[in-house]
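Presented below is the structure to which this report refers.
Here is how names work: the chains are called A, B, and so on, in the same order as the sequence lines, proteins then strands, and each is numbered from 1.
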Amino acid sequence: MSKIDLDKIIPENALEEEIIDDLKSGRNKEVITRCPPEPSGYWHIAHVKAWTIDFETAKKFGGKTYLRMDDTNPLKEEGEFAESYLEDLAWLGYKPDKLIYASEAYFDDIYKIAEQMIMDGKAYVCELSADEVSATRGTLTEPGKESPYRNRTPEENLKLFRAMRDGKFEDGKATLRAKIDMAHPNMNMRDPVMYRVLRAKHYRLGNKWCIYPMYDFAHPLEDALEGVTYSLCSMEFHEHRPLYEWFIENGWKKPYPPKQREFSRLTIENVLIGKRYLKQFVNDGIVSGWDDPRFPTLVGVRRRGYTAKALKDFVKSVGWGNVLEVTVPYSALEYYVRTDLNQIATRAMVVLDPLKVVITNYQGEDEEFEIQNNPNDESAGYHKSKFGKVIYIEKEDFSLNPPPKYNRLVEGGIVRLKGAYIIKCNKVIFKENGEIDHLECEYIPESQSGNDTSGIKCKGTIHFVSENNCFEITIREFKNLIKREITHPAKALADGAKVEDILEPNSLIVKKALAENFLKTAKVEDKFQFIRKGYYCMDKDSTPENYIFNSTISLKDSYKP
RNA sequence: AGGGGUGUCGCCAAGUGGUAAGGCACAAGAUUUUGAUUCUUGCAUUCGUAGGUUCAAAUCCUGCCACCCCUGCCA
């Protein structure tokens, strides 16, 4: 802590101002946050905001962040998910200072605290059914009714609570409830349930317990027990804050308790977010799995080629927020993806839709030339490519009827081949069916790239591959999983839309392309910019016989005919 | 007997009584052997609305209006 000079820290939101005050006043000696996922699904883009806030806030103040699996509901949780979080977090570049499974670490302590609260007259065993509890809770405008079991003695409650623990009650037949106020205007304070009877196999504890604490009860105590100073969560928990503080005050009963503070949830237009729906897509086979490159899960976007830096920069740009949920356009995310990839992606030439070109005045072996691997990073060096008698260019880079301002190749026109020569198109050879078979061009030997003495001015530059220096690769292009016009897919589903109503048909397009041989050196997850086309990432399904590249995102294109 | 939040450019978002930052998007221009990148420039006389206080209000006061969240033995 001593290494942080508080006066040099510029607070970026109200929480950071509060942290500085707490540190200066001595209320807190250090900053400890926790990252508390429930292992019930894979993380998606929106989670990154929460984890970034947890880790970056602590980091800014030289503090610590604990990864705590918030596993208090055996019905929903699985070990597979918990394991995925460890990997996702590492990929994001965050190292937790401690790994905790709340169930293993705190269930005993939480149980003891519950017994203490019973003895303090703060909790009681209620034998109302779930429906009865619901019926007696009152409404938004009317107070609730007190449970007939509310005034049992502490001794009686303790005996009953132990009976709950010992399996003497069937599932749903009893709960432990906090004795607060059935007439409280905040519904969360109307004698909330602390423990329920639940016989289900817990993914870590098996059948050790048949009672499980509720989030509202367990979470504040876990925070307190752990020494967490700031418990950061999304805005929907704001109204649980009084309850959070009530459990700390009546359960933990020590000074300098953790503080719960809330930030806005993040959603992105046109992206389906929500564990429940994502799970359904996986189970129904709509996507190939949790790591389908069209999926907003971290494993998905990672496979697609997004970087952790892009994601983190993106969520930081959105800020803390002060409403339940902020929705930003997808383009806001894409900006950060392009920006990062532009800095790190290796440039390569790939022709996605080849048109054969014969250089009539070229003789002999192919000649080599060099391409800069990354114009933004001199240290990335160069790689060799080739130019020769037969090359391929992009079909769309030649036109028989060019639109206005078309800077590419036309009949009788010239264009520069990136890294090589200027060529002139002399003749278009057609097939019998009228389609173009190939082009006959001549190259201008004096126009060699970097060594041009021809004096010819050439407006356009296009990419190409030489027949002797290319191989076939597989490209996976993606459209948005969800139809463009559906900006809030989760909302649409909740409002009754069918999956097929919101699903973009054929969002996966597989095709072949011709890549320069240099791409044979690629490894899984390597990121490339296919010059003039977009960013691509080598997929894990690749084999030595079949290199597969996922389209991460296209380059911006301001050409408007 | 309801309670809790929020309203600043199309989207995020600073702003804490001294005369509306920034980013995305968009538009125009320059440079460019990627129509990318980069670079310039433009983009709220006005802060939900109506009043009030003040030399001065997005910021303070009052009244309206709009939107979001809360009635799980989920987290």
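In this structure, A:H240 reaches the bases: a heavy-atom distance under 4.0 Å links it to at least one base atom across the strands shown. Base contact: A:A130 has a heavy atom under 4.0 Å from a base atom. Using a 4.0 Å heavy-atom distance criterion, A:M214 is classed as a sugar-phosphate-only contact. Residue-level contact check: A:G138 touches the bases, meaning some heavy atom is under 4.0 Å from a base atom. Nucleic acid contact for A:L333: none, since no nucleic acid atom lies under 4.0 Å from a heavy atom of the residue. Residue contacts shown for A:E239 include a base, since a base heavy atom lies under 4.0 Å away.
Residues A:P354 and A:Y392 share a closest heavy-atom pair of CB-CD2, 3.8 Å.
Note on ring orientation: taking the six-membered ring where Trp is involved, the planes of A:Y111 and A:Y195 are perpendicular (angle over 60°, cut-offs 30° and 60°).
B:G4 atom C1' lies 13 Å from atom CD of A:Q260, rounded to whole Å. As a whole-Å value, the separation of A:R241 CZ from B:C70 C1' is 16 Å. The separation between A:H47 atom NE2 and B:A75 atom P is 16 Å, rounded to whole Å. In this structure, A:E325 places its CD atom 16 Å from C1' of B:C70, rounding to the nearest Å. Taking atom CG of residue A:D191 and atom C1' of nucleotide B:U71, one finds them 14 Å apart after rounding to whole Å.
OP1 and OP2 of B:G3 both lie 4.0 Å or more from every side-chain N or O belonging to A:T141. At the phosphate of B:C73, OP1 or OP2 sits under 4.0 Å from a side-chain N or O atom of A:R137. Considering only side-chain N and O atoms, A:S129 lies nowhere under 4.0 angstrom from the phosphate OP1 or OP2 of B:C73. Applying the 4.0 Å criterion to OP1 and OP2 of B:C68, one finds that A:N322 has every side-chain N and O outside that range.
The ring-ring contact (aromatic ring centres under 6.0 Å, His included) check on A:F530 picks up A:Y536, A:F549, with sequence neighbours excluded.
Contact of the A:I118 side chain with the A:L176 side chain is registered, since non-hydrogen atoms from C-beta on lie closer than 4.5 Å. Using a 4.5 Å heavy-atom cutoff, the side chains of A:K418 and A:I462 are not in contact.
Expressed to the nearest 0.5 Å, how far OH of A:Y101 lies from CG of A:D70 amounts to 13.0 Å.
Mapping A:N13 and A:H184 onto RNA chain B by nearest heavy atom places A:H184 at the nucleotide closer to the 5' end. A residue-by-residue look at A:E269 and A:L75 shows that A:E269 has its nearest nucleotide of RNA chain B further toward the 5' end.
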message: Each nucleotide in nucleotides 31-42 of chain B should get exactly one letter: B, S or -. Can you fill that in based on protein heavy atoms under 4.0 Å?
response: --BBBSS-----

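The side chain of A:S331 has B:C24 as its nearest neighbour among B:C74, B:G72, B:C24. Checking B:G2, B:A1, B:U16 against the side-chain heavy atoms of A:M187 singles out B:G2 as nearest.
A donor-acceptor contact under 3.5 angstrom links the side chains of A:Q260 and A:E262, judged on distance only.
Base orientation of B:G22: anti (glycosidic angle beyond 90° from 0).
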field: Worked check of side chain to side chain donor-acceptor pair (under 3.5 Å) between A:Y230 and A:R261
entry: CA-CA 7 Å; A:Y230 304 95; A:R261 294 294 180 267; over 6 Å; no

